Amino acid sequence: MTELLLGLTRGGPTRVTVAGTTWTYDDLLGAASAAAADLAPYRRVAVHATPEPSTVLAVVAALLAGVVVVPVPPDSGARERAHVLGDSAVEAWVGTAPPDQSGGLPVVPLDLGARAPYTPPTDPLPDDATAFLLYTSGTTGLPKGVLLSRAAVAAGLDGLADAWGWTDADVLAHGLPLFHVHGLLLGVLGPLRLGGGVVHVGRPTPEAYAAAARDGATMFFGVPTIWSRIAEAPEHAKDLASARLLVSGSAALPVPVFERLRALTGHDAVERYGMSETLITVATRADAAPRAGWVGVPVAGVETRLQDEHGAAVPHDGESVGNLQVRGATLFGGYLNRPDADAEVWTDDGWFRTGDVAVVDPAGWHRIVGRESIDLIKSGGYRVGAGEIETVLLGHPAVAETAVVGEPDADLGQRIVAHVVLRPEAVPGPDDLGGAALATALTAYVGEQLNAHKRPREVRFTTALPRNAMGKVQKKQLVQG
Ligand code: MCA
Ligand code: AMP
């Protein structure tokens, strides 16, 4: 297949800036070629995916070496990290390991200053070779490893290049985490494939996005929480007027935020929709007039359909709601070690069940209405399984029962709320009025076991959870109440 990092391997003066360090393509290619030589003994490596130059170098080097990359969120807690390292069977860390938590694996050091000539592989990898193993939450259990091939990543990026007229003339700016599809695969590999520049701004504040715009960035990526904060900061938002394209994804962009951004920047943000398992499947084209609340049309190489709960086709009439299914070149190759999960998501005729509920209009425009399961929460663009947090909380000695839900939140889309029934002996006494200290301890416990963004924003103590006659917790009542 064509080299995944096509633009980068041509070298040249195009700039890649991460956390204040700037490389030219020539520099990055030289450093990554040097590092790739050290990765020859390995098949699968972990990358401690901080938003720093070492992460970009580690990922690029591994891709050049044909080694599968497993990005590990830098704030992963003990339970989550042990699961990712064990399930993926990675053989080493590249660059740095998390402090005191290498899991006993060797660390292959990186030298940002090293340079070696790039030599195209004499024996290119097959298209279906896995490039990434990305961990993403399901409704229950620990995160599942999503196997993404080089061909799927290439097809996904080429589809977006076509949709957005994204070329080597663009400079992309964003401040997204470097361990997900959005920030890493689209936000770093996109430019490196298409030949454009990229600036990772660090924390994605309105100030940082405005500064990148003043420095000439043409495209901006953000989750709705980022766009909503920019829309609340008119003095910074106005600087984005000089951009070519503002792109929102990972969760629904609220219509008022779309409208406010239009008023402040003169741009209609384009939305796109996707998943870790499918990459970006539906996007608003840059040459179409964006429609607030709609995510666009299938990208090149992708087909979509709607079905009802019995598997019957739902008409694409702009009103009828159905379960969204997708197929095409951008799809993953399955979950690692999880044939049970694979069986759940693939239909007999080879379509992927997204778990999202949508409407499609006769022109092929898609509107995402919500999710089938109340147990998948999107908070700040992060996908979080309610069951994952419940399992951890139930492991805390104070907790007898718990139900975790996502409640609507103006900033985060959804905020994680844990309803907790305490064991009688754990009910706080007068020294912890209202249980504030215990709530803080439970929140911290989730952070230590899973990661920071999976911490509940709120813990509500109750004496009983609402249950139906079968004893099943009625989560809808918790969200409404
Ligand atoms: C956060 N904080 C908390 C809690 N949560 N403190 C106590 N309890 C909690 N439960 C702290 C944070 O650590 C931080 O502290 C401060 O509160 C502010 O947190 P927050 O409001 O979360 O703001 P933030 O840290 O600035 O994060 C907002 C964010 C972030 C930047 C929008 O959520 C983010 O990066 N989201 C991107 C997720 C993403 O990339 N998803 C893509 C998945 P302190 O200030 O001390 O640090 S890929 C995908 O979805 C598909 C493919 C797609 O379509 O793209
Ligand atoms: P993740 O696997 O973290 O990649 O999350 C994928 C999920 O994010 C999808 O199944 C959707 O529920 C949600 N999502 C992504 N983009 C959008 C969007 N533009 N509008 C609404 N939901 C979205």
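Source: prediction; values computed, not measured. For ligands, and for the atoms within them, numbers begin at 1 and follow the listed sequence. Computed from heavy atoms alone, side chains included, the values below leave out hydrogens, waters and symmetry copies.
Ile280 contributes atom CD1, which lies 9.5 Å from atom CG of Leu157 (distance to the nearest 0.5 angstrom). Atoms CZ and CH2, on Phe220 and Trp227 in that order, are 7.0 Å from each other to the nearest 0.5 Å.
Checked against side chain to side chain donor-acceptor pair (under 3.5 Å), His366 has the following partners two or more places apart in sequence or in another chain: Thr304.
The single protein non-hydrogen atom nearest to atom 6 (C) of ligand 2 is Gly274 O, 3.4 Å, given as residue, atom name and distance. Closest protein heavy atom to atom 3 (O) of ligand 2: Lys378 NZ, 3.2 Å. For atom 12 (O) of ligand 2, the nearest protein heavy atom (residue, atom name, distance) is Asp356 OD1, 2.7 Å.
Closer than 4.0 Å to atom 37 (C) of ligand 1 lies at least one heavy atom of the protein.
Comparing Arg203, His180, His182, Arg272 by heavy-atom distance to atom 54 (O) of ligand 1, the nearest is Arg272. Nearest residue to atom 50 (O) of ligand 1 from Arg455, Arg383, His453, Lys378 is Lys378 (criterion: closest heavy atom). Atom 41 (N) of ligand 1 has its nearest heavy-atom neighbour, among Gly381, Ser248, Gly380, in Gly381.
Counting heavy atoms closer than 4.0 Å to ligand 2, residue Met275 contributes atoms from both its backbone and its side chain. Here His182 has no heavy atoms under 4.0 Å from ligand 2, in either its backbone or its side chain.
Between Phe221 and His182, the ring planes lie tilted relative to each other; the angle falls in the 30° to 60° range.
Using 4.0 Å as the threshold, Ala251 has a heavy atom nearer than that to some atom of ligand 2.
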